[in-house]
Amino acid sequence: MDITFENVTYIYQQNTPFAHKAIDDLSFQIKSGSYVAIIGHTGSGKSTLIQHLNGLAIPTEGKVSIGSYHLSKEEKPKDMKELRSKVGVVFQYPEHQLFEETVAKDIAFGPQNFGVSEAEIQNRINEITSAVGLDESLLERSPFDLSGGQMRRVAIAGVLAVKPDVLVLDEPTAGLDPRGQKEIMDMFYKLHQDQGLTTILVTHSMEDALKYADHVLILNKGTKYMEGSPEEVFSQKEALQRVQLDVPEIVQFLDEFQERFGTSIPFKKQSVKELAEAIQQQIKGAEST
Amino acid sequence: MNNTLIIGQYVPGDSIVHRLDPRTKITIIFFFVFIVFFANNVAGYSLLTVFALTCMLTSKVPIRFIIKGLTPVWFLIVFTFILHLFVTKEGTVILDFWIFEFYSGGVVQGFAISIRFFLLILVTSLLTLTTTPIEITDAIEDMLHPLKRFKFPVHELALMMSISLRFIPTLMQETDKISKAQASRGVDFRTGPIRERIKAIVPLLVPLFVSAFKRAEELAMAMEARGYQGGEGRSKLRELKIEKRDIFVLILFILVVAGLILARMYG
Ligand SMILES: Nc1ncnc2c1ncn2[C@@H]1O[C@H](COP(=O)(O)OP(=O)(O)O)[C@@H](O)[C@H]1O
Ligand SMILES: [Mg+2]
């Protein structure tokens, strides 16, 4: 589903002394099937933005469109539930949403609410537990007896079991060990490709944004600060540092390489291997002259 | 939930009402609650009304905001007024309508009670609008201090109060967060038959309790790790201090009380 934000402003606690503008006149587009990374400093409005994608927040001004669903002050979808079955959201620390007696029941909770048949739910549970790397023996355990990493996977499975078309991830790997982070991010990427999902990833990790996303949106104080392909965005080191953001390691490396050796290798999202080859050629070139 | 407000939620400011010692404010309100019932004539009510409105204006809390906070009680005030209109049978009949007779006494009584109600709520909500919960707790601890002699756990009570107050916003944030997460999983808190809606509360309450218990445990651990051991010999971060302005306001209040007594005797 294509997603469009048109001049969206969102104000928390409007008409009170505590009114706070979290999103300010924001416009952008996300094409169906793309993988978009949203990056910004804490408090820049990322979490508020994604709440617009399934109607948890309605724009104070402006308009949000998700496929054929339109959200604005004047117009709300008649069937919000339908929208929510198509846009799955994995919130920050999703393990806080677990409540059922068993892991299996918690995973089934979403699909049940959206009217999926019991037989189909069983299929999905089996399929998804293995996809998120949960052992089947855990299905009958209480989710509260699991480790933090396992709880996170259960919560993610609960969202995936709904089979959404759009998958929204709000810092889905925060607080996990590096290996778990990679496993989960790879799992999301595989789903994104296999099922043709539209994926929106809120992240603080430039590495993840570079690795998985095909479009990057940088937020600052509720407004769009930069937007473009990862190559475009991440080659602008100074602009990123102005809003307290880093560049991926590889860009940092190329920068320092240029400083040391006085020759530059343009950043084109190379893999480590490609980069090594490029450097080798540069050095060989330098020796032969 | 994002756009609603708790009645009397603290509104930051630095008016004289904000800066008064919380003990001064609590004392005045404590006595105000009594003397409101002491007024019995126009002069008395006017005096109290002028006092309450002066406090309101000097606090510089936006009036729109105060009125909003009063919305839920408007109904009660109007209701009391109408009730008195119908049931009081004193004074002369001023209106005879169908099977009802309205007496002048009813109007007067209804008016008096509504004014009392209004004043009480206005003044007490001014306290919470201009005083942080922590200040109120400190003041209560200080004022209850004499009870310590009778083994009344004053410090523990104050600690309990401040911990609860501290966690109310956290709990509200948590509620907001979890209800959004469950709504995303297809829970409908707003529509549907009552039975369904009550069932919808379970996915909200269970995580809330789990996290509240976890928080309590962590807090207890953190306090212990930092050597907390109760109120004995513990000095305070925020010392309460009576300033000139407190004396001034207290004197002003005593004058209002004296005026009220005069109004009652000679009114
Ligand atoms: N429920 C809320 N009520 C009031 N203000 C909020 C609420 N949620 C977030 N905010 C404010 O909105 C701004 C953006 O927050 P958020 O979208 O959570 O940012 P991010 O996810 O980028 O850290 C912050 O300044 C935050 O304090
Ligand atoms: Mg956030």
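No experiment lies behind these values; they were computed from the predicted model shown. Labels below follow one simple rule: chain letters A, B, ... track the order of the sequence lines, proteins then strands, and each chain is numbered from 1.
Most heavy-atom pairs under 4.5 Å with chain A, from the set B:Pro207, B:Ser179, B:Pro62, B:Ser211: that is B:Pro207. The most heavy-atom pairs under 4.5 Å with chain B, out of A:Phe91, A:Tyr93, A:Phe99, come from A:Phe99. The greatest number of non-hydrogen atom pairs below 4.5 Å with chain B, out of A:Val89, A:Asp106, A:Leu83, is found for A:Asp106.
Within 6.0 Å of CE in B:Met223 there are more than 12 heavy atoms belonging to other residues, nucleotides or ligands. Within 6.0 Å of CD on A:Glu101 lie no more than 12 heavy atoms contributed by other residues, nucleotides or ligands. The number of heavy-atom neighbours closer than 6.0 Å to CZ of B:Phe111, taken from other residues, nucleotides and ligands shown, is 12 or below.
A donor and an acceptor atom, one from each side chain of B:Thr27 and B:Arg23, are nowhere located under 3.5 Å apart.
Using a 4.5 Å cut-off between heavy atoms, A:Gln112 does not touch chain B at all. Neither the backbone nor the side chain of B:Val61 comes within contact range of chain A; no heavy atom of the residue lies under 4.5 Å from a heavy atom of that chain.
One distance of note links CG of A:Leu176 with CZ of A:Arg152; it measures 4.5 Å at 0.5 Å rounding.
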